[in-house]
Amino acid sequence: MTPGESSSPADTVPCSRCPSPAITVLRNSGIHLCGEHFAEDIEQRVRHSINEYSMIKEGDRIAVALSGGKDSTVLLYLLHKFLHGRKDLEIFALTVDEGIAGYREDTISSAEHISASLGIDHIIVSFREEYGRSLDELLRRRENRACTVCGVLRRQLLQRAARANGATKLATGHSLDDEVQSAMMNILRGDVRRIARVLPSDDASSFVPRVKPLRDIPEREVAMYGMVKGIYVNIRDCPYARFALRSDVRSLMNEMEYRHPGTLHRVMNGYDALTSRVGGMFPNQSLLACRECGEPCTGERCSACALVHSMNRENMGH
Amino acid sequence: MKIRYAQGRTDEISIDVTTIEQVLLQLEINPVEVIVSKNGHLVPEDAMVSNDDEIRIFRIVHGG
(Lines give C-alpha, C1' and ligand atoms only; values in the text may rest on other atoms or scores of the structure.)
Protein backbone atom coordinates (compact mmCIF):
# COMPACT_ATOMS: atom_id res chain seq x y z
CA MET A 1 0.00 0.00 0.00
CA THR A 2 1.22 3.48 -0.80
CA PRO A 3 0.02 6.01 1.74
CA GLY A 4 0.44 8.88 -0.72
CA GLU A 5 -2.24 7.63 -3.08
CA SER A 6 -5.60 9.30 -2.90
CA SER A 7 -8.93 7.54 -2.51
CA SER A 8 -11.14 6.06 -5.16
CA PRO A 9 -13.84 8.60 -6.07
CA ALA A 10 -16.88 6.46 -5.28
CA ASP A 11 -17.12 6.90 -1.53
CA THR A 12 -15.08 9.94 -0.63
CA VAL A 13 -15.19 13.69 -0.16
CA PRO A 14 -14.00 15.70 -3.19
CA CYS A 15 -11.18 18.25 -3.09
CA SER A 16 -12.47 21.82 -2.67
CA ARG A 17 -10.36 22.90 -5.68
CA CYS A 18 -10.81 20.04 -8.17
CA PRO A 19 -12.86 16.83 -8.64
CA SER A 20 -10.14 14.54 -7.18
CA PRO A 21 -10.80 12.83 -3.85
CA ALA A 22 -9.59 14.75 -0.80
CA ILE A 23 -6.88 13.28 1.41
CA THR A 24 -7.24 15.83 4.20
CA VAL A 25 -9.43 18.56 5.61
CA LEU A 26 -7.83 21.74 6.92
CA ARG A 27 -9.39 21.99 10.35
CA ASN A 28 -9.33 25.79 10.59
CA SER A 29 -11.12 26.44 7.31
CA GLY A 30 -12.95 23.17 6.57
CA ILE A 31 -11.30 23.12 3.12
CA HIS A 32 -10.76 19.63 1.67
CA LEU A 33 -7.64 19.07 -0.42
CA CYS A 34 -6.46 16.28 -2.72
CA GLY A 35 -2.80 15.21 -2.62
CA GLU A 36 -1.75 17.57 -5.39
CA HIS A 37 -3.48 20.64 -3.98
CA PHE A 38 -2.39 19.82 -0.43
CA ALA A 39 1.26 19.65 -1.57
CA GLU A 40 0.84 22.91 -3.49
CA ASP A 41 -0.65 24.56 -0.38
CA ILE A 42 2.26 23.40 1.84
CA GLU A 43 4.86 24.57 -0.68
CA GLN A 44 3.20 27.98 -0.91
CA ARG A 45 3.12 28.36 2.88
CA VAL A 46 6.77 27.35 3.29
CA ARG A 47 7.83 29.77 0.55
CA HIS A 48 5.82 32.46 2.34
CA SER A 49 7.64 31.79 5.66
CA ILE A 50 11.03 31.85 3.92
CA ASN A 51 10.20 35.23 2.37
CA GLU A 52 8.44 36.75 5.38
CA TYR A 53 11.35 36.07 7.73
CA SER A 54 14.01 36.72 5.01
CA MET A 55 15.51 33.31 5.74
CA ILE A 56 17.57 32.97 2.58
CA LYS A 57 19.52 35.54 0.61
CA GLU A 58 21.71 35.59 -2.47
CA GLY A 59 25.09 33.93 -1.94
CA ASP A 60 23.96 31.78 1.00
CA ARG A 61 25.52 28.39 1.59
CA ILE A 62 22.85 26.55 3.55
CA ALA A 63 23.61 23.68 5.92
CA VAL A 64 20.43 21.65 6.32
CA ALA A 65 20.36 19.83 9.66
CA LEU A 66 19.24 16.36 8.57
CA SER A 67 18.45 13.83 11.28
CA GLY A 68 16.87 11.48 8.76
CA GLY A 69 13.43 11.71 10.38
CA LYS A 70 10.33 12.99 8.62
CA ASP A 71 10.65 16.73 9.32
CA SER A 72 14.26 17.24 8.23
CA THR A 73 13.72 14.95 5.22
CA VAL A 74 10.79 17.09 4.08
CA LEU A 75 12.84 20.24 4.73
CA LEU A 76 15.73 19.01 2.59
CA TYR A 77 13.32 17.95 -0.16
CA LEU A 78 11.56 21.34 -0.17
CA LEU A 79 14.75 23.43 -0.09
CA HIS A 80 16.12 21.36 -2.95
CA LYS A 81 12.85 21.80 -4.86
CA PHE A 82 12.83 25.58 -4.32
CA LEU A 83 16.53 26.28 -4.77
CA HIS A 84 18.19 23.67 -6.97
CA GLY A 85 18.06 25.87 -10.07
CA ARG A 86 19.72 28.79 -8.29
CA LYS A 87 23.38 29.26 -9.20
CA ASP A 88 23.88 31.79 -6.38
CA LEU A 89 22.99 29.36 -3.56
CA GLU A 90 24.39 26.11 -2.24
CA ILE A 91 22.86 23.45 -0.01
CA PHE A 92 24.47 20.62 1.88
CA ALA A 93 23.07 18.20 4.46
CA LEU A 94 24.55 17.87 7.93
CA THR A 95 23.79 14.93 10.21
CA VAL A 96 24.79 14.51 13.84
CA ASP A 97 25.21 10.93 15.00
CA GLU A 98 24.60 11.23 18.73
CA GLY A 99 25.20 7.53 19.29
CA ILE A 100 21.82 6.07 20.32
CA ALA A 101 22.05 2.32 19.84
CA GLY A 102 19.17 0.62 18.06
CA TYR A 103 17.68 3.93 16.92
CA ARG A 104 20.12 6.20 15.14
CA GLU A 105 21.36 3.63 12.63
CA ASP A 106 18.04 3.65 10.72
CA THR A 107 17.70 7.41 10.63
CA ILE A 108 21.28 7.89 9.45
CA SER A 109 20.68 5.41 6.69
CA SER A 110 17.52 7.38 5.72
CA ALA A 111 19.53 10.61 5.76
CA GLU A 112 22.13 9.08 3.44
CA HIS A 113 19.41 7.82 1.12
CA ILE A 114 17.51 11.12 0.71
CA SER A 115 20.74 13.14 0.28
CA ALA A 116 22.02 10.76 -2.38
CA SER A 117 18.69 10.65 -4.21
CA LEU A 118 18.60 14.47 -4.39
CA GLY A 119 22.30 14.70 -5.28
CA ILE A 120 23.11 16.79 -2.19
CA ASP A 121 26.46 16.60 -0.36
CA HIS A 122 26.07 14.95 3.03
CA ILE A 123 28.36 15.39 6.02
CA ILE A 124 28.05 13.24 9.13
CA VAL A 125 29.62 14.27 12.45
CA SER A 126 29.37 12.36 15.72
CA PHE A 127 29.37 12.86 19.49
CA ARG A 128 31.99 10.15 19.76
CA GLU A 129 34.43 11.98 17.49
CA GLU A 130 33.68 15.38 18.97
CA TYR A 131 33.12 14.69 22.67
CA GLY A 132 34.91 11.35 23.03
CA ARG A 133 31.76 9.40 23.96
CA SER A 134 28.39 8.52 22.47
CA LEU A 135 25.15 9.87 24.00
CA ASP A 136 24.40 6.40 25.42
CA GLU A 137 27.78 6.41 27.18
CA LEU A 138 27.42 9.98 28.40
CA LEU A 139 23.98 9.26 29.85
CA ARG A 140 24.61 6.17 31.95
CA ARG A 141 22.53 6.55 35.15
CA ARG A 142 21.38 9.96 33.92
CA GLU A 143 18.73 9.03 31.36
CA ASN A 144 16.32 11.61 32.77
CA ARG A 145 18.67 14.36 31.51
CA ALA A 146 18.83 12.91 27.99
CA CYS A 147 17.09 15.70 26.08
CA THR A 148 18.98 18.49 27.85
CA VAL A 149 22.37 16.85 27.30
CA CYS A 150 21.59 15.82 23.74
CA GLY A 151 20.12 19.23 22.88
CA VAL A 152 23.09 21.25 24.17
CA LEU A 153 25.71 19.03 22.56
CA ARG A 154 23.85 18.61 19.26
CA ARG A 155 23.20 22.33 18.88
CA GLN A 156 26.86 23.11 19.45
CA LEU A 157 28.07 20.41 17.10
CA LEU A 158 25.69 21.53 14.36
CA GLN A 159 26.95 25.10 14.73
CA ARG A 160 30.57 24.05 14.71
CA ALA A 161 30.22 21.72 11.73
CA ALA A 162 28.11 24.25 9.80
CA ARG A 163 30.76 26.94 10.31
CA ALA A 164 33.64 24.57 9.54
CA ASN A 165 31.97 23.75 6.23
CA GLY A 166 31.46 27.36 5.22
CA ALA A 167 27.72 27.61 5.90
CA THR A 168 26.11 31.05 6.11
CA LYS A 169 22.76 29.60 7.31
CA LEU A 170 21.77 26.57 9.33
CA ALA A 171 18.28 25.36 8.38
CA THR A 172 16.43 23.08 10.81
CA GLY A 173 13.21 21.13 10.36
CA HIS A 174 11.36 22.54 13.39
CA SER A 175 7.62 22.46 12.76
CA LEU A 176 4.89 24.62 14.26
CA ASP A 177 4.35 21.96 16.93
CA ASP A 178 8.05 22.04 17.90
CA GLU A 179 8.08 25.81 18.15
CA VAL A 180 4.88 25.96 20.21
CA GLN A 181 6.15 23.21 22.54
CA SER A 182 9.41 25.12 23.08
CA ALA A 183 7.47 28.32 23.78
CA MET A 184 5.21 26.54 26.29
CA MET A 185 8.20 24.86 27.94
CA ASN A 186 9.88 28.25 28.43
CA ILE A 187 6.70 29.49 30.07
CA LEU A 188 6.26 26.37 32.22
CA ARG A 189 9.87 26.67 33.39
CA GLY A 190 9.47 30.38 34.03
CA ASP A 191 12.56 30.92 31.88
CA VAL A 192 12.21 34.65 31.24
CA ARG A 193 15.71 35.08 29.79
CA ARG A 194 14.95 32.50 27.16
CA ILE A 195 11.54 34.01 26.43
CA ALA A 196 13.32 37.34 25.92
CA ARG A 197 15.72 35.52 23.59
CA VAL A 198 18.88 36.78 25.23
CA LEU A 199 20.71 33.76 23.96
CA PRO A 200 24.11 33.80 22.33
CA SER A 201 22.60 31.97 19.34
CA ASP A 202 20.94 35.24 18.36
CA ASP A 203 24.33 36.81 17.71
CA ALA A 204 24.73 36.39 13.99
CA SER A 205 28.33 37.60 13.97
CA SER A 206 29.53 34.65 16.06
CA PHE A 207 27.02 31.96 15.18
CA VAL A 208 25.74 30.66 11.86
CA PRO A 209 22.17 32.06 11.84
CA ARG A 210 19.49 29.39 12.18
CA VAL A 211 16.41 29.42 9.96
CA LYS A 212 13.27 27.30 10.35
CA PRO A 213 11.33 27.19 7.08
CA LEU A 214 8.71 24.74 8.49
CA ARG A 215 7.93 26.85 11.58
CA ASP A 216 4.38 27.62 10.42
CA ILE A 217 3.49 24.08 9.30
CA PRO A 218 1.87 21.67 11.79
CA GLU A 219 3.85 18.46 12.28
CA ARG A 220 0.94 16.36 11.00
CA GLU A 221 0.94 18.29 7.72
CA VAL A 222 4.73 17.91 7.40
CA ALA A 223 4.26 14.14 7.76
CA MET A 224 1.39 14.10 5.28
CA TYR A 225 3.43 16.07 2.74
CA GLY A 226 6.18 13.46 3.12
CA MET A 227 3.63 10.70 2.42
CA VAL A 228 2.22 12.48 -0.63
CA LYS A 229 5.71 12.92 -2.05
CA GLY A 230 6.75 9.34 -1.22
CA ILE A 231 9.57 10.44 1.10
CA TYR A 232 7.84 9.72 4.43
CA VAL A 233 10.15 8.17 6.97
CA ASN A 234 8.37 6.06 9.56
CA ILE A 235 10.80 5.74 12.41
CA ARG A 236 10.07 4.84 16.00
CA ASP A 237 10.35 7.30 18.87
CA CYS A 238 13.76 8.11 20.27
CA PRO A 239 14.16 5.77 23.28
CA TYR A 240 14.92 8.76 25.51
CA ALA A 241 11.81 10.77 24.46
CA ARG A 242 9.69 9.44 27.33
CA PHE A 243 11.88 11.26 29.84
CA ALA A 244 11.20 14.68 28.36
CA LEU A 245 8.94 17.47 29.57
CA ARG A 246 8.36 18.04 25.85
CA SER A 247 6.49 14.78 25.59
CA ASP A 248 3.93 15.91 28.19
CA VAL A 249 3.64 19.37 26.64
CA ARG A 250 3.12 17.80 23.24
CA SER A 251 0.15 15.71 24.45
CA LEU A 252 -1.34 18.71 26.21
CA MET A 253 -1.06 20.98 23.17
CA ASN A 254 -2.40 18.29 20.83
CA GLU A 255 -5.44 17.93 23.07
CA MET A 256 -5.95 21.70 22.99
CA GLU A 257 -5.51 21.78 19.20
CA TYR A 258 -8.14 19.08 18.76
CA ARG A 259 -10.65 20.68 21.11
CA HIS A 260 -9.94 24.24 19.99
CA PRO A 261 -8.65 24.17 16.39
CA GLY A 262 -6.11 26.90 15.63
CA THR A 263 -4.62 26.90 19.14
CA LEU A 264 -1.09 26.17 17.90
CA HIS A 265 -1.11 29.08 15.44
CA ARG A 266 -2.60 31.43 18.03
CA VAL A 267 -0.01 30.49 20.67
CA MET A 268 2.82 30.94 18.17
CA ASN A 269 1.56 34.32 16.98
CA GLY A 270 1.13 35.50 20.56
CA TYR A 271 4.55 34.22 21.59
CA ASP A 272 6.20 35.91 18.59
CA ALA A 273 4.50 39.18 19.53
CA LEU A 274 5.64 38.76 23.15
CA THR A 275 9.27 38.00 22.30
CA SER A 276 9.48 40.91 19.89
CA ARG A 277 8.33 43.27 22.68
CA VAL A 278 10.54 41.96 25.50
CA GLY A 279 13.61 41.22 23.35
CA GLY A 280 15.65 44.15 24.66
CA MET A 281 14.79 43.90 28.36
CA PHE A 282 18.07 42.25 29.39
CA PRO A 283 21.46 43.84 28.68
CA ASN A 284 23.42 41.99 26.01
CA GLN A 285 26.20 39.87 27.40
CA SER A 286 29.52 40.16 25.60
CA LEU A 287 30.79 37.00 23.98
CA LEU A 288 34.04 35.36 24.99
CA ALA A 289 35.83 32.31 23.58
CA CYS A 290 35.38 29.02 25.47
CA ARG A 291 38.72 28.21 27.12
CA GLU A 292 38.42 24.56 26.07
CA CYS A 293 37.04 24.53 22.55
CA GLY A 294 37.22 28.18 21.49
CA GLU A 295 33.50 28.37 20.67
CA PRO A 296 31.81 31.68 21.41
CA CYS A 297 30.13 31.76 24.83
CA THR A 298 29.22 34.09 27.66
CA GLY A 299 31.31 32.49 30.43
CA GLU A 300 34.69 30.77 30.72
CA ARG A 301 33.36 27.58 29.20
CA CYS A 302 30.64 27.10 26.58
CA SER A 303 27.55 25.20 27.72
CA ALA A 304 28.62 22.03 25.85
CA CYS A 305 32.09 21.91 27.43
CA ALA A 306 30.64 22.80 30.84
CA LEU A 307 28.19 19.93 30.50
CA VAL A 308 30.79 17.37 29.39
CA HIS A 309 33.12 18.58 32.15
CA SER A 310 30.44 18.20 34.85
CA MET A 311 29.44 14.77 33.57
CA ASN A 312 33.05 13.59 33.56
CA ARG A 313 33.42 14.83 37.14
CA GLU A 314 30.23 13.01 38.19
CA ASN A 315 31.54 9.84 36.54
CA MET A 316 34.75 10.04 38.51
CA GLY A 317 32.70 10.37 41.69
CA HIS A 318 30.85 7.08 41.04
CA MET B 1 -13.81 -3.25 10.51
CA LYS B 2 -10.13 -4.10 10.39
CA ILE B 3 -7.63 -1.64 11.82
CA ARG B 4 -3.93 -1.77 11.06
CA TYR B 5 -1.44 0.24 13.04
CA ALA B 6 1.73 1.32 11.26
CA GLN B 7 3.77 -0.52 13.90
CA GLY B 8 2.31 -3.82 12.64
CA ARG B 9 -0.40 -4.45 15.24
CA THR B 10 -3.94 -5.15 13.95
CA ASP B 11 -7.33 -4.87 15.58
CA GLU B 12 -10.90 -5.71 14.62
CA ILE B 13 -13.84 -3.59 15.80
CA SER B 14 -17.51 -3.48 14.92
CA ILE B 15 -18.98 -0.08 14.07
CA ASP B 16 -22.05 1.52 12.56
CA VAL B 17 -21.40 3.58 9.44
CA THR B 18 -19.51 6.53 10.86
CA THR B 19 -16.58 8.89 10.26
CA ILE B 20 -12.85 8.21 10.63
CA GLU B 21 -12.80 10.83 13.38
CA GLN B 22 -15.43 8.94 15.40
CA VAL B 23 -13.52 5.66 15.00
CA LEU B 24 -10.36 7.33 16.29
CA LEU B 25 -12.18 8.79 19.27
CA GLN B 26 -13.63 5.34 20.00
CA LEU B 27 -10.05 4.03 20.00
CA GLU B 28 -9.04 6.92 22.30
CA ILE B 29 -6.69 8.34 19.67
CA ASN B 30 -6.40 12.11 19.19
CA PRO B 31 -7.09 12.69 15.46
CA VAL B 32 -4.43 15.42 15.27
CA GLU B 33 -1.75 12.87 16.21
CA VAL B 34 -2.37 10.43 13.35
CA ILE B 35 -2.87 10.15 9.60
CA VAL B 36 -5.34 7.55 8.37
CA SER B 37 -5.72 5.60 5.16
CA LYS B 38 -8.89 3.71 4.18
CA ASN B 39 -8.50 0.68 1.95
CA GLY B 40 -5.02 1.86 1.00
CA HIS B 41 -5.76 5.52 0.32
CA LEU B 42 -5.28 8.58 2.52
CA VAL B 43 -8.59 10.07 3.66
CA PRO B 44 -9.76 13.12 5.65
CA GLU B 45 -11.15 12.60 9.16
CA ASP B 46 -14.70 13.29 7.95
CA ALA B 47 -14.59 10.41 5.42
CA MET B 48 -17.20 7.73 6.11
CA VAL B 49 -16.25 4.17 7.01
CA SER B 50 -18.18 0.96 7.50
CA ASN B 51 -17.47 -2.55 8.77
CA ASP B 52 -16.29 -3.64 5.31
CA ASP B 53 -13.42 -1.18 5.31
CA GLU B 54 -9.85 -1.59 6.44
CA ILE B 55 -8.21 1.46 7.93
CA ARG B 56 -4.56 1.98 8.67
CA ILE B 57 -3.42 4.39 11.35
CA PHE B 58 -0.05 6.11 11.04
CA ARG B 59 0.98 7.61 14.34
CA ILE B 60 3.10 10.70 13.80
CA VAL B 61 6.39 10.04 15.50
CA HIS B 62 7.89 13.16 17.00
CA GLY B 63 11.14 14.58 15.75
CA GLY B 64 13.26 14.41 12.70
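When reading the values below, keep in mind they use all heavy atoms of this one structure, side chains included, and skip hydrogens, waters and symmetry mates. All figures in this text were calculated on a predicted structure; none of them were measured in a lab. Sequence lines set the chain letters: A, B, ... in the order given, protein chains first and strands last, and positions in each chain run from 1.
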Derivation and outcome, side-chain contact (heavy atoms from CB on, under 4.5 Å), residues B:Val32 and A:Arg27: CA-CA 10 Å; B:Val32 308; A:Arg27 288 166 51 82; 3.9 Å; yes
Which portion of B:Glu54 sits near chain A, non-hydrogen atoms under 4.5 angstrom: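 For B:Glu54, there is no contact with chain A at all, as no heavy atom is under 4.5 Å.
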Residue part contacting chain A, namely of B:Ile20, when any heavy atom lies under 4.5 Å: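 Contact with chain A is absent: no heavy atom of B:Ile20 under 4.5 Å.
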Atom pair CD1 (A:Ile23) and CD1 (B:Ile35), whose distance is rounded to the nearest 0.5 Å: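 Rounded to the nearest 0.5 Å, the CD1-CD1 separation comes out at 8.5 Å.
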Atom pair OG (A:Ser175) and CD1 (B:Ile60), whose distance is rounded to the nearest 0.5 Å: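 If I round to the nearest 0.5 Å, the distance is 9.5 Å.
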Winner by heavy-atom pair count (cut-off under 4.5 Å) against chain B, out of A:Glu257, A:Glu255, A:His174, A:Met224: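 Of the options given, most contacts go to A:Met224.
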A:Arg220 side chain to B:Val34 backbone, donor-acceptor under 3.5 Å: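 Yes; at least one donor-acceptor contact below 3.5 Å.
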Polar side-chain atom of A:Asn254 near backbone of B:Asn30 as donor-acceptor pair, under 3.5 Å: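 Checking the backbone N and O of B:Asn30 against the side chain of A:Asn254, no donor-acceptor pair under 3.5 Å is found.
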Atom of [X], atom of [Y] and distance for their closest heavy-atom approach:
X        : Y        : answer
A:Ala22  : B:Pro44  : O-CD, 3.2 Å
A:Ser251 : B:Glu33  : CA-OE2, 4.2 Å
B:Phe58  : A:Met227 : CG-CE, 3.4 Å
A:Tyr258 : B:Leu25  : OH-CD1, 3.3 Å

Residues, nucleotides or ligands: over 12 heavy atoms within 6.0 Å of A:His113 NE2: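 Incorrect, the count does not exceed 12.
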Heavy-atom contact with chain B under 4.5 Å, split by part of A:Glu221: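 Answer is neither: A:Glu221 stays 4.5 Å or more from chain B.
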Sub-4.5 Å side-chain heavy-atom contact between A:Phe38 and B:Leu42: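 A side-chain contact is absent here, since even the closest heavy-atom pair is not under 4.5 Å.
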